[in-house]
There are 2 protein chains.
Amino acid sequence: MPVTARREREKQQRYEDIVDAAEIIFNENGFANTSMDEIARAAQLSRALLYVYFKDKAAIMRAVMLKAMQAMEARFANAFTAEEAGMKQIKGIGCAYYAFSVEESDYFDMLTELNTFPDPEEPDLVAEGMLRCRQNLDGMMVQALENGIKDGSLNPEHIGDPLITAYILQGSLHGVIMSTRKPKNPNVAQVDSEMLVKRAIDMMCYAMAA
Amino acid sequence: MPVTARREREKQQRYEDIVDAAEIIFNENGFANTSMDEIARAAQLSRALLYVYFKDKAAIMRAVMLKAMQAMEARFANAFTAEEAGMKQIKGIGCAYYAFSVEESDYFDMLTELNTFPDPEEPDLVAEGMLRCRQNLDGMMVQALENGIKDGSLNPEHIGDPLITAYILQGSLHGVIMSTRKPKNPNVAQVDSEMLVKRAIDMMCYAMAA
DNA sequence: ACAATTATTGACAGTTTGTCAGTTATTGAC
DNA sequence: GTCAATAACTGACAAACTGTCAATAATTGT
């Protein structure tokens with residue numbers, strides 16, 4: 001009689017209901033302009049119940065951010081397995097990052113916010129999930145770089161420590177895409193952002209090519 | 001009888017008092033955890049008076065962000081004028097950016113936040129100042145790139161449209177530095193961030209070199 | 001001296017937050 | 001089926017914060 005198990009499943013379901021509802025509202029109004037009341041209404045629950053499942057609004061936000069990271073991880077994995085050669089894998093991951101930023105732009109923006117978002121007071125399951133996700137992302141990049149060194153498509157001299165290079169690639173690509181997303185600078189708004197990002201990817205690849 | 005002028009100066013002074021006080025509190029507690037009351041107390045003014053000078057808390061934040069941009073602009077200008085050759089100017093600006101992120105890290109973090117910060121409902125003097133600042137930044141980068149093409153230190157084929165390349169350089173460098181600043185990823189925390197950033201600069205320069 | 005203008009503030013109404021005592025629903029034992 | 005125990009859920013409260021406005025205080029020119 002797995003009654004405990006069913007309870008557990010229902011609890012999990014409520015949790016996801018809340019996160020799914022919050023995701024919509026956050027994307028509509030932004031984190032700061034969203035109240036717990038709105039989330040509760042969207043999830044058809046009482047506001048007080050939200051506090052049973054989450055410490056506060058920021059904790060809900062982090063749960064949504066984890067979803068965003070996992071969505072990106074899936075795209076990275078697709079791009080990674082679609083190619084054999086290291087250079088092509090790197091380029092593929094770069095393009096996947098850009099596609100992600102266009103096709104799941106809300107998630108991309110959440111990952112941008114994550115950079116300035118406060119960490120939880122005490123690590124929880126969400127933080128743990130984020131960490132695993134990050135490690136997977138890093139792992140794929142490192143693997144691709146090592147592949148490229150082995151298969152001769154990348155220059156080991158230019159890459160040095162693959163982990164460091166992976167950080168550089170991720171950071172710079174995120175920065176470039178980010179700078180084209182909310183164009184407070186009217187000049188940037190006018191440029192073709194796809195071309196710009198592709199050029200950035202090409203520059204990095206050129207700098208690493210054998 | 002420049003009594004009006006003195007009034008104007010005093011008004012300007014109050015304005016700056018508020019911004020200076022807010023800057024400290026924001027950096028201590030973060031924007032979200034700062035109340036108008038705290039700012040008012042720090043500036044030794046009544047809370048209501050803040051609303052005479054600023055529409056709301058976000059407007060004060062934007063004023064601080066403008067200061068941050070101007071601080072960075074000054075560093076860019078120093079680096080730019082310190083060199084003659086285009087390549088050296090670009091590299092110098094890159095290093096200045098990193099130095100800025102270390103020596104004025106609070107300002108750097110504010111500029112990171114600026115990416116996800118809401119724009120004012122209606123453009124004001126602060127927004128105008130930011131725009132000018134951005135144009136100056138872009139202008140210096142473009143100038144340096146054009147210098148490099150003229151003096152043969154940079155490869156025009158690899159640069160293409162200097163403005164596009166300027167955006168790429170700024171975006172990617174900001175992204176790389178940002179990714180090393182709040183290391184939610186414990187691995188990143190362990191790496192030598194100066195080395196990492198310098199390597200990123202070298203990669204970009206290598207990709208543009210003649 | 002005083003009317004007019006400008007600067008400043010106290011205090012109010014409206015939101016939102018986090019909590020907790022209390023209510024309702026579900027379960028397993030008998 | 002009944003009922004005590006446990007779990008799920010909620011109404012309602014105190015505290016904090018926001019933005020505004022009428023009222024007060026200070027400064028100016030006449």
Side-chain angles (χ1 to χ4, degrees), chain A residues 1-22 24-26 28-64 117-122 124 126, chain B residues 1-22 24-26 28-64 117-122 124 126:
Chain A
M1 66 189 81
V3 62
T4 312
R6 199 203 47 183
R7 280 249 169 137
E8 208 51 47
R9 251 188 297 120
E10 282 176 355
K11 243 179 139 176
Q12 183 64 26
Q13 185 59 50
R14 281 252 181 287
Y15 179 96
E16 283 168 24
D17 288 348
I18 295 172
V19 176
D20 291 346
I24 294 168
I25 315 281
F26 284 151
E28 268 172 17
N29 305 340
F31 175 76
N33 294 324
T34 298
S35 71
M36 292 295 262
D37 210 36
E38 289 176 278
I39 298 172
R41 248 178 289 138
Q44 315 220 56
L45 301 169
S46 79
R47 195 173 64 83
L49 191 56
L50 297 186
Y51 289 94
V52 173
Y53 287 84
F54 294 92
K55 187 183 163 289
D56 54 19
K57 191 169 58 152
I60 303 181
M61 182 61 160
R62 279 188 291 268
V64 180
F117 207 80
D119 284 324
E121 308 254 341
E122 24 166 318
D124 56 2
V126 169
Chain B
M1 66 190 84
V3 62
T4 311
R6 198 203 47 180
R7 280 247 168 143
E8 206 52 46
R9 252 188 296 119
E10 282 176 354
K11 243 179 138 178
Q12 183 64 25
Q13 186 59 49
R14 281 249 180 290
Y15 179 97
E16 282 166 24
D17 288 348
I18 295 173
V19 176
D20 291 346
I24 294 167
I25 315 282
F26 284 151
E28 269 172 15
N29 305 339
F31 175 76
N33 293 324
T34 299
S35 71
M36 291 295 262
D37 210 36
E38 288 176 279
I39 297 172
R41 247 177 290 138
Q44 316 219 60
L45 301 169
S46 77
R47 196 173 62 83
L49 192 55
L50 297 186
Y51 289 95
V52 173
Y53 285 85
F54 295 92
K55 186 183 164 292
D56 53 20
K57 191 169 57 149
I60 303 181
M61 182 60 160
R62 279 189 292 266
V64 180
F117 207 80
D119 284 324
E121 309 253 342
E122 24 165 318
D124 55 3
V126 170

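Every chain is numbered from 1 and lettered A, B, ... according to where its sequence line falls, protein lines coming before strand lines.
A donor-acceptor pair under 3.5 Å is formed between the side chain of B:Lys57 and the backbone N or O of B:Phe31.
Distances were taken from every side-chain heavy atom of A:Ala48 (C-beta onward) to each of D:dT18, C:dT19, C:dT9; the shortest belongs to C:dT19. Side chain of B:Ser35, nearest nucleotide from D:dC9, D:dC17, C:dT16: D:dC17.
With a cut-off of 3.5 Å on both pairing distances, the Watson-Crick or G-U wobble partner of D:dA23 is C:dT8.
Following rounding to the nearest Å, B:Lys11 (NZ) and D:dA26 (C1') show an atom-to-atom distance of 15 Å. In this entry the distance linking CG of A:Asn29 with C1' of C:dT15 reads 15 Å, nearest Å. Rounding to whole angstrom units, CG of residue B:Asp17 and P of C:dT8 are separated by 11 Å. One atom, CD of A:Glu10, and another, P of C:dA25, lie 15 Å apart when rounded to the nearest Å. Atom P of nucleotide D:dG11 and atom CZ of A:Arg41 are separated by 14 Å, given to the nearest angstrom. Between A:Leu45 atom CG and D:dG11 atom P there is a gap of 12 Å when expressed in whole angstrom units. Atom pair A:Tyr15:OH and D:dA8:P shows a separation of 16 Å (rounding to whole Å applied). In this structure, A:Asp37 atom CG and D:dA12 atom P are separated by 14 Å, rounded to whole Å.
Less than 4.0 Å separates DNA chain D from at least one heavy atom of each of the following residues of residues 49-58 of chain A: A:Leu49, A:Tyr53.
When all heavy atoms of A:Asn29 and A:Glu38 are compared, the closest pair comes out as ND2-OE2, 3.3 Å. Summarising the geometry of B:Arg62 relative to B:Pro118, their closest heavy-atom pair is NH1-O, 2.8 Å, with the distance given to 0.1 Å.
Counting heavy atoms from C-beta on, the side chains of A:Tyr51 and A:Met36 come closer than 4.5 Å. Residues A:Ile60 and A:Tyr53 form no side-chain contact, since every pair of their non-hydrogen atoms from C-beta on lies 4.5 Å or further apart.
Side-chain N/O atoms of A:Arg14 include one lying less than 4.0 angstrom from OP1 or OP2 on D:dC9.
Annotation: the span from B:Ile25 atom CD1 to B:Asn33 atom CG amounts to 12.5 Å, rounded to 0.5 Å.
You'll find a donor-acceptor pair under 3.5 Å spanning the side chain of A:Arg47 and the base of C:dG18, going by distance alone.
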Sequence neighbours left out, cut at 3.5 Å: what donor-acceptor pairs do the side chains of residues 12-22 of chain A make with other protein atoms?
from, atom 1, to, atom 2, distance (Å)
A:Gln12, NE2, A:Glu16, OE2, 3.1
A:Gln13, NE2, A:Asp17, OD1, 3.0
A:Asp20, OD1, A:Lys67, NZ, 2.9

